[in-house]
Amino acid sequence: MARKYNFYAGPSTLPFEVLKELEKDLVDYQGSGLSLVETSHRSKEYDEVHFSVINGIKSLLDVPDDYEVLLLGGGATLQFSMIPQNLLGDKSSVDFVVSGTWAKKALADAKLYAEANVLWDGKDGAYTSLPSPADLKPNAESAYLHITSNETINGVQWKDFPESDIPVVADMSSDILSRPLPVDRFGLIYAGAQKNLAPAGVTMVIIRKDMINRAPEKLGAYLKYKTHADKDSLYNTPPVFPIWAMSKVLKWIEGKGGLEGIQELNSRKASLLYGVIDNTDGFYNCPVDKDVRSHMNVVFTLKNEELQDEFLKGASQRDMLGLKGHRSVGGCRASIYNAMPLEGVQALADYMKEFAKKNG
Ligand SMILES: *Cc1c(COP(=O)(O)O)cnc(C)c1O
């Protein structure tokens with residue numbers, strides 16, 4: 001089988017080794033005569049997988065003891081409303097940094113439940129930079145400050161995080177486990193699976209224990225973090241398949257040298273592409289400020305926009321898929337999450353150079 005390079009923003013590429021292992025184990029799980037996906041989620045077999053994921057996340061991210069790791073459904077999108085519903089407590093406002101498309105969506109849901117103070121909302125109408133963490137002045141009266149660690153569509157990534165007296169809540173859907181992380185600086189971290197963790201269907205939440213009990217009584221059981229924390233995320237049937245796949249992805253990351261190893265690899269991959277973009281005499285342009293360029297989603301435009309379709313067509317003929325930018329911002333985007341191999345990025349960099357030379 002000729003495996004193509006998947007530069008889609010999500011669902012995104014998974015490590016080939018993980019897919020092969022899942023294929024091998026899918027029908028008969030470890031000689032049990034059943035597939036894991038048809039085995040009870042209360043069984044010993046599933047229990048091992050479930051806790052290997054919770055403990056694997058704790059170990060990779062060095063999660064302090066006063067935090068819980070939860071495995072939920074509903075995607076990152078459910079967290080947009082679950083967070084304000086759970087964390088407001090006796091407060092009535094929340095703070096937001098609006099850094100792009102995903103932050104806007106999170107903000108829209110938060111506004112249904114709370115007053116929202118927007119501390120920063122792009123620069124000159126563009127989401128191509130970030131505020132300096134030290135310049136942010138969160139309101140002491142707000143329940144939390146929400147940020148988006150990596151804007152998947154705009155290609156903007158926080159390199160350092162705000163220090164804040166109120167809890168920082170971060171949507172890390174598109175860069176979780178791509179680099180080491182100071183978990184103790186956050187009140188809550190959340191991430192949908194389908195960028196860096198697993199196939200879609202499971203959402204990871206890391207929450208500081210003192211924030212679990214703030215939810216009002218009148219909130220459905222599933223919507224309360226406490227429900228899941230009390231039951232080790234086995235309150236109801238968990239999304240077995242993505243959690244199982246995640247157990248393999250976590251081992252794969254360990255094999256790459258953990259988060260330090262992965263970060264180094266991700267930096268090399270990102271440098272290859274930004275290097276080409278910055279060294280082709282303006283043939284390509286990345287609109288994002290250099291110090292906050294994403295190592296996960298590299299956005300760029302071609303100076304001559306008329307060449308873009310030809311560029312994308314040539315890429316797909318070379319088995320490189322998913323390079324068209326999001327319809328809301330246009331241009332091109334190469335999503336190079338953890339599982340995108342260096343060779344894939346090298347192939348793209350070579351093609352970009354060749355295309356610029358031919359058409360420049
Ligand atoms: C993809 C993405 C989401 C949405 O995730 P779902 O799991 O589809 O709900 C939210 N935030 C960011 C930053 C994303 O990249």
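Whatever order the structure lists them in is the order used to number ligands and atoms, beginning at 1.
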**Asked** Do the side chain of S233 and the main chain of L71 share a donor and acceptor less than 3.5 angstrom apart?
**Response** yes

**Asked** Taking the side chain from R208 and the backbone from R185, do they hold a donor-acceptor pair closer than 3.5 Å?
**Response** no

**Message:** Test side chain to side chain contact (heavy atoms under 4.5 Å, CB included) on L61 and L177; report intermediate values, then the result.
**Reply:** CA-CA 7 Å; L61 281 169; L177 301 190; 3.6 Å; yes

**Prompt:** Can a cation-pi geometry be assigned to K20 and W252, taking NZ or CZ under 6.0 Å from the six-membered ring centre and within 45° of the ring axis?
**Reply:** no

**Item:** Salt-bridge present (K105, D109; N to O < 4.0 Å)
**Value:** no

Need the list: ligand 1 N/O atoms against protein N/O atoms, distance under 3.5 Å, rounded to one decimal.
| residue | atom | partner | partner atom | Å |
| --- | --- | --- | --- | --- |
| ligand 1 | 7 (O) | A76 | N | 3.1 |
| ligand 1 | 7 (O) | Q194 | NE2 | 3.0 |
| ligand 1 | 8 (O) | Q194 | NE2 | 3.1 |
| ligand 1 | 9 (O) | A76 | N | 3.1 |
| ligand 1 | 9 (O) | T77 | N | 2.9 |
| ligand 1 | 9 (O) | T77 | OG1 | 2.5 |
| ligand 1 | 11 (N) | D171 | OD2 | 2.6 |
| ligand 1 | 15 (O) | T152 | OG1 | 2.4 |
| ligand 1 | 15 (O) | K195 | NZ | 2.7 |

**Prompt:** When the ring planes of F80 and W102 are compared, do they come out parallel, tilted or perpendicular, using 30° and 60° as the limits?
**Reply:** tilted

